[in-house]
There are 2 protein chains.
Amino acid sequence: MNTLSYGLLAFLAREPGSGYDVMLKIQPFWQAKHSQIYPLLAQMEENDLLTSYWIKQSEKPDKKIYSITDNGIRKLKEWMYMPLPDPVTRDELSMKTFCMWLTDRDNAIEIVETRKAYFTRRLESFNTKLQNVPEEKRAFGNREFYDYILIQKGIFNATAGQDWCNWVLGMLREQQAKESPIQPVQ
Amino acid sequence: MNTLSYGLLAFLAREPGSGYDVMLKIQPFWQAKHSQIYPLLAQMEENDLLTSYWIKQSEKPDKKIYSITDNGIRKLKEWMYMPLPDPVTRDELSMKTFCMWLTDRDNAIEIVETRKAYFTRRLESFNTKLQNVPEEKRAFGNREFYDYILIQKGIFNATAGQDWCNWVLGMLREQQAKESPIQPVQ
DNA sequence: CGGGTCATGTAAGTAGTTACATGATTGG
DNA sequence: CCAATCATGTAACTACTTACATGACCCG
């Protein structure tokens, strides 16, 4: 049982769903391909943490719906008391930032703009998700409270990332303005 | 050549160093163990991206110092024009946040406090690094400008993470105060 | 009519972690 | 005296990615 397995279990503890469903739900918080998820679900079914049945669909491929078992719920609860590992972040931008002195300013700006666009996309998607959590259910005591704070975790992070991009772009462009013959009108 | 290889190259492009040196430098931005780094450096030396020599040390193990070659610099410059992949983040806390409804509030608070402590440690270390970049060198045009913005990238992120922890802890404890018989004095 | 979404799965390869191995010095 | 730091390396394993495989429908 690795962290991804527990993550899949966490989503299926809320409501039953197919491998495809949980893949889409887990994506924003844990990048995992279907080729990793499907075998894990099958393995968890063998270990009696999940059960499944097939839904026949016309005009679409059939679906295999997984539900969590009592055993699965118990395992999840136990996991909640296990030590929390540090987060792992692998961002090529950090490595590229460190050697931006080797490239031209236009390229540096393009790199940071690419990342800024990523954060904009992400914020849009998180904000859509937020709208699906009714405000009266965002308080402690509701199950949706934890949906709410998880989405906010994404928003806090993406906002910080976007702020950093804007701050860097400002400094890179400030320089460009100084060097250009015509000063832009304020 | 994977991203980690380029990352190692990026640090060696600034100044020569041992595998152990680059491991320590790269850690805050890309978690990698020595067992992954040493073979990569050896492989990059075979491909003429690095050269090395041994320093004999008394009272300490001998050191193998790597320097980047012209070939290595060229490869790095080329890499700066390759498309920037999205960052990868794997944080067990996201998964645990999503199933906090399955555990008690004290445990939820402990989980978030653990993460808060991690961000505090990280901010301390980034602030120490910041002090090593003299203020007059933090402007565009200096090589240290990119050290400065990379450290800030870490600070922006860790601050956002810490803010989220405090925000969540506030809500979890607010509830505790309401439920406790004696209200704490303001 | 080519690419995207829905839907599940396997095979092969790469990237990353844990464990094994060695050995001196320093600090609590 | 035990653990940490310095220092390099290999072996075995796990986690993750890319590619292969199938197939219908929908949108531009």
Side-chain angles (χ1 to χ4, degrees), chain A residues 1-9 11-12 16-27 29-47 50 52-66 83 85-92 95 121 125, chain B residues 1-9 11-12 16-27 29-47 50 52-66 83 85-92 95 121 125:
Chain A
M1 287 285 290
N2 55 20
T3 304
L4 178 55
S5 304
Y6 284 107
L8 299 170
L9 218 49
F11 282 92
L12 292 170
S18 67
Y20 195 81
D21 291 337
V22 280
M23 179 193 68
L24 293 179
K25 281 184 198 164
I26 211 169
Q27 285 287 1
F29 305 102
W30 193 286
Q31 294 74 41
K33 319 279 154 138
H34 71 274
S35 53
Q36 195 186 4
I37 289 174
Y38 289 129
L40 281 180
L41 290 172
Q43 191 193 301
M44 284 160 87
E45 191 178 12
E46 266 184 46
N47 295 331
L50 297 175
S52 72
Y53 64 97
W54 284 88
I55 291 188
K56 292 220 169 120
Q57 296 188 122
S58 51
E59 326 271 307
K60 273 189 188 180
D62 293 352
K63 270 187 171 207
K64 193 177 184 181
I65 303 293
Y66 286 97
D86 289 345
V88 174
T89 307
R90 293 190 211 277
D91 188 357
E92 197 170 299
M95 312 284 91
R121 277 201 314 280
S125 116
Chain B
M1 287 285 290
N2 54 22
T3 304
L4 178 55
S5 304
Y6 285 108
L8 298 170
L9 219 48
F11 283 92
L12 293 169
S18 67
Y20 195 82
D21 291 337
V22 280
M23 179 192 68
L24 292 179
K25 282 183 197 163
I26 210 170
Q27 286 286 0
F29 304 103
W30 193 287
Q31 293 74 44
K33 318 280 152 132
H34 71 275
S35 54
Q36 194 185 4
I37 290 173
Y38 290 129
L40 281 180
L41 289 171
Q43 188 193 304
M44 285 160 87
E45 191 176 15
E46 265 183 46
N47 296 331
L50 298 174
S52 72
Y53 63 97
W54 283 89
I55 291 187
K56 293 224 168 113
Q57 297 187 124
S58 51
E59 327 270 307
K60 272 190 192 181
D62 292 354
K63 269 188 173 207
K64 195 177 183 181
I65 302 292
Y66 287 96
D86 289 345
V88 175
T89 308
R90 294 189 212 276
D91 187 358
E92 197 171 299
M95 311 285 91
R121 276 200 315 277
S125 116

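Keep in mind the model is a prediction, meaning the values are calculated, not measured. Reminder, nothing fancy here: chain letters follow the sequence lines and each chain counts from 1.
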Considering just the side-chain nitrogens and oxygens of B:Gln36, establish if one lies under 4.0 Å of OP1 or OP2 belonging to C:dA15. no
How many whole angstroms separate atom CH2 of A:Trp54 from atom P of C:dC6? 17 Å
Can you tell me how far C1' of D:dA15 sits from CD of B:Glu92, to the nearest Å? 14 Å
To the nearest angstrom, the CG-P distance between A:Asp21 and C:dC6 comes to 10 Å
Rounded to whole angstroms, how far apart are NE2 on A:His34 and P on D:dT22? 14 Å
Rounded to the nearest 0.5 Å, what's the gap from NZ on B:Lys64 to CD on B:Glu45? Could you check? 5.0 Å
Under 4.0 Å between a side-chain N/O of B:Tyr38 and OP1 or OP2 of D:dT8, yes or no? yes
Can you sort out the partners of A:Tyr20 under ring pair (Phe, Tyr, Trp, His ring centres under 6.0 Å), two or more places apart, ordered by chain and number? none
Give a yes/no answer on whether the side chain of A:Arg90 brings an N or O atom under 4.0 Å of OP1 or OP2 in C:dA15. no
Rounded distance in Å - CE (A:Met1) to P (D:dT14): 15 Å
Please report the distance, rounded to the nearest Å, between CD1 in A:Ile55 and P in C:dC6. 16 Å
Judged by atom type as modelled, is there a donor-acceptor pair below 3.5 Å linking the side chain of B:Glu92 to the main-chain atoms of A:Asp86? no
Ignoring hydrogens and geometry beyond distance, is the side chain of A:Ser35 in donor-acceptor contact with the base of D:dT18 at under 3.5 Å? yes
From CA spacing to verdict: side-chain contact (heavy atoms from CB on, under 4.5 Å), B:Met95, A:Ile26: CA-CA 9 Å; B:Met95 311 285 91; A:Ile26 211 169; 4.0 Å; yes
Closer than 4.0 Å, any side-chain N/O of B:Gln57 to the OP1 or OP2 of D:dA7? yes
Of all the heavy-atom pairs spanning B:Pro16 and B:Ile65, show the shortest one and how long it is. CB-CG2, 3.9 Å
What's the NZ-C1' distance between A:Lys33 and C:dT14, to the nearest Å? 13 Å
Tell me which of A:Asn2 and B:Pro39 sits closer to the 5' end of DNA chain D, going by the nucleotide each one is nearest to. B:Pro39
Start at the 5' end of DNA chain D and walk down; is the nucleotide closest to A:Trp30 or to B:Asp62 reached first? B:Asp62
Rounded to whole Å, CD of B:Gln43 lies from P of D:dT8 at a distance of 18 Å
Distance check: side-chain N/O of A:Lys64 vs OP1/OP2 of C:dG9, anything under 4.0 Å? yes
Is B:Lys63 close enough to D:dA7 that one of its side-chain N or O atoms is under 4.0 Å from OP1 or OP2 there? yes
